[in-house]
Structure formats: structure tokens, C-alpha cells
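Each chain gets a letter, A, B and so on, in the order the sequences are listed, and its residues count up from 1.
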Amino acid sequence: GENVEQHPSTLSVQEGDSAVIKCTYSDSASNYFPWYKQELGKGPQLIIDIRSNVGEKKDQRIAVTLNKTAKHFSLHITETQPEDSAVYFCAARKGGNTPLVFGKGTRLSVIA
Amino acid sequence: GAVVSQHPSWVICKSGTSVKIECRSLDFQATTMFWYRQFPKQSLMLMATSNEGSKATYEQGVEKDKFLINHASLTLSTLTVTSAHPEDSSFYICSATSGQGFSGYTFGSGTRLTVV
């Protein structure tokens with residue numbers, strides 16, 4: 001089955017700097033790659049997603065890139081702010097109404 | 001956007017009792033619901049997948065007689081933890097997706113279960 005590896009597990013950046021989180025997946029049939037932000041005691045919130053027919057997607061300070069050949073995708077957050085501090089999860093899905101497979105998460109701390 | 005309402009947000013119960021968690025899709029038809037469990041500082045672990053009107057499919061190692069899932073309508077799915085024990089204490093999260101095209105997955109806000 002699908003396996004998603006996520007790095008780093010923790011990341012500290014200064015406010016205003018950029019943060020990059022990377023994920024790799026194992027199943028070449030996966031075609032949907034969302035990123036979620038989870039704050040303490042809450043459910044995951046979708047922040048951006050990308051499908052396999054697109055190489056890059058951007059939404060204000062957040063961007064995701066996908067390299068299908070290498071089977072990896074990355075989250076880029078620019079001009080980080082303290083409120084970006086949270087746990088971020090990447091995920092992958094094969095198709096249809098199949099469940100997402102999650103990475104282990106990255107705890108991002110933005111230091112003011 | 002799509003919203004999934006999950007209740008209760010937290011619950012404390014005594015060992016041996018049962019607890020029911022509800023997830024409702026408020027503005028779309030959830031043909032498929034997923035139930036996850038999340039332990040502190042860990043990722044989401046899939047427990048089961050349920051399609052409306054069908055029996056749930058459980059992941060390996062998840063006891064179907066202990067974690068009863070009902071998905072009788074397109075807007076409601078329930079997870080009942082039966083004969084709860086302290087080791088069942090965890091954060092339970094539901095997620096729903098619609099069968100009409102693909103509009104992504106919507107997550108509930110989670111339920112913190114503490115068994116004492």
C-alpha cells in the first residue's frame with residue numbers, strides 16, 4: 001500500500017523567514033496530495049492541495065510543488081508569522097473515494 | 001465550503017461504558033466517511049472506511065465489534081466505542097467525501113475521548 005514519508009519532524013524558523021516541508025510517496029498511482037494544518041485539540045484544516053496533472057500551485061504565502069517522477073511533493077510557506085505555528089501533515093490518495101494516507105507530521109514553530 | 005460537524009468535542013466516560021460520536025455533513029452528501037484515531041504527537045491512523053448503506057471496512061488490527069460504525073444516511077455517520085477502556089482514550093476524527101466528482105476531504109473538529 002501507499003507509504004508517505006515526511007521531513008522534518010520539527011522545524012523552527014524566525015518570523016518572516018520561509019519554511020519548507022517535504023514529503024515522498026511510494027505508490028505511483030497516487031494522484032491527489034493535500035496539506036493540512038492542525039492546531040492543538042482541533043481537526044486538520046486543508047491549506048492547499050495539488051493533483052498529479054499539475055506541477056505547482058500557489059495561494060498567497062503558501063505553495064506546493066509536485067515532482068511525479070521523483071514521487072515527492074513539498075510545502076513552501078513564505079513570510080512566516082507566529083500564527084503559522086502548528087503541526088502540518090502531508091497526505092496522498094490513489095483515486096476514487098479511497099482514504100488519505102498521512103505523513104507523520106511536522107511541528108512548525110515560528111519565533112517572533 | 002463543505003462542513004462536517006462532529007460531536008461531542010470531548011467526552012469523559014467510565015471504563016466499561018459505551019460512547020457514541022456523531023459526524024454530520026451539513027451542506028453536502030457524504031457518500032464515504034473515514035474514521036481516524038490520533039494519539040498525542042502522532043499522525044492520524046485510519047480505523048475504518050464506511051460507504052452509505054454498506055458495512056464499514058476496518059483496517060487491520062481494529063476490532064469491528066469494539067468500534068461500531070453506522071453510516072445509514074448520506075449526512076450522518078456514527079462511531080460507537082463499546083466497553084471502553086483507558087487504552088481507548090484518544091482523539092477521534094471523522095472525514096467525509098462526496099461521490100459526485102471529487103471535491104476533496106472534509107474533516108470534523110475531532111472528539112477527545114478520556115476513559116477513566
If you count heavy atoms of other groups shown closer than 6.0 angstrom to NZ of A:Lys42, is the number above 12? no
Hydrophobic clusters here meaning ILVMFWY residues chained together by side-chain heavy-atom distances under 4.5 Å, can you tell me if B:Trp35 and B:Val62 are in one? yes
Can you confirm whether more than 12 heavy atoms, excluding those of B:Glu87, are under 6.0 Å from its CD atom? yes
Short question: side chain of B:Ser43, backbone of A:Gly105 - any donor-acceptor pair under 3.5 Å? no
Check whether B:Gln38 gets within reach of chain A through its side chain, its backbone, both or neither, counting any heavy atom under 4.5 Å. side chain
Can you tell me which of B:Asn51, B:Leu46, B:Leu44 forms the most heavy-atom pairs within a distance under 4.5 Å of chain A? B:Leu44
Are B:Tyr105 and B:Phe91 linked, directly or through intermediate hydrophobic residues, by side-chain heavy-atom contacts shorter than 4.5 Å (ILVMFWY only)? yes
Of the backbone (N, CA, C, O) and the side chain (C-beta and beyond), which part of A:Pro99 lies under 4.5 Å from a heavy atom of chain B, both, or neither? both
Joint hydrophobic cluster, B:Val116 plus B:Trp10, side-chain heavy atoms closer than 4.5 Å: yes
Rounded distance (nearest 0.5 Å) linking atom CE of B:Met33 with atom CG of A:Asn97: 12.0 Å
Closest heavy-atom pair and its distance - B:Gly108, A:Pro44: O-CD, 4.5 Å
Please state whether the side chain, the backbone, both or neither of A:Gln45 comes within less than 4.5 Å of a heavy atom of chain B. neither
Just checking A:Glu15: does its CD atom have more than 12 heavy atoms from other residues, nucleotides or ligands closer to it than 6.0 angstrom? yes
What residue in A:Gly41, A:Ser9, A:Pro34 has the most heavy-atom pairs under 4.5 Å with chain B? A:Gly41
If we only count heavy atoms from C-beta on, is the A:Leu100 to B:Tyr36 side-chain gap below 4.5 Å? yes
Hey, any chance B:Ile93 and B:Val4 share a hydrophobic cluster, counting ILVMFWY side chains that come within less than 4.5 Å of each other, even indirectly? no
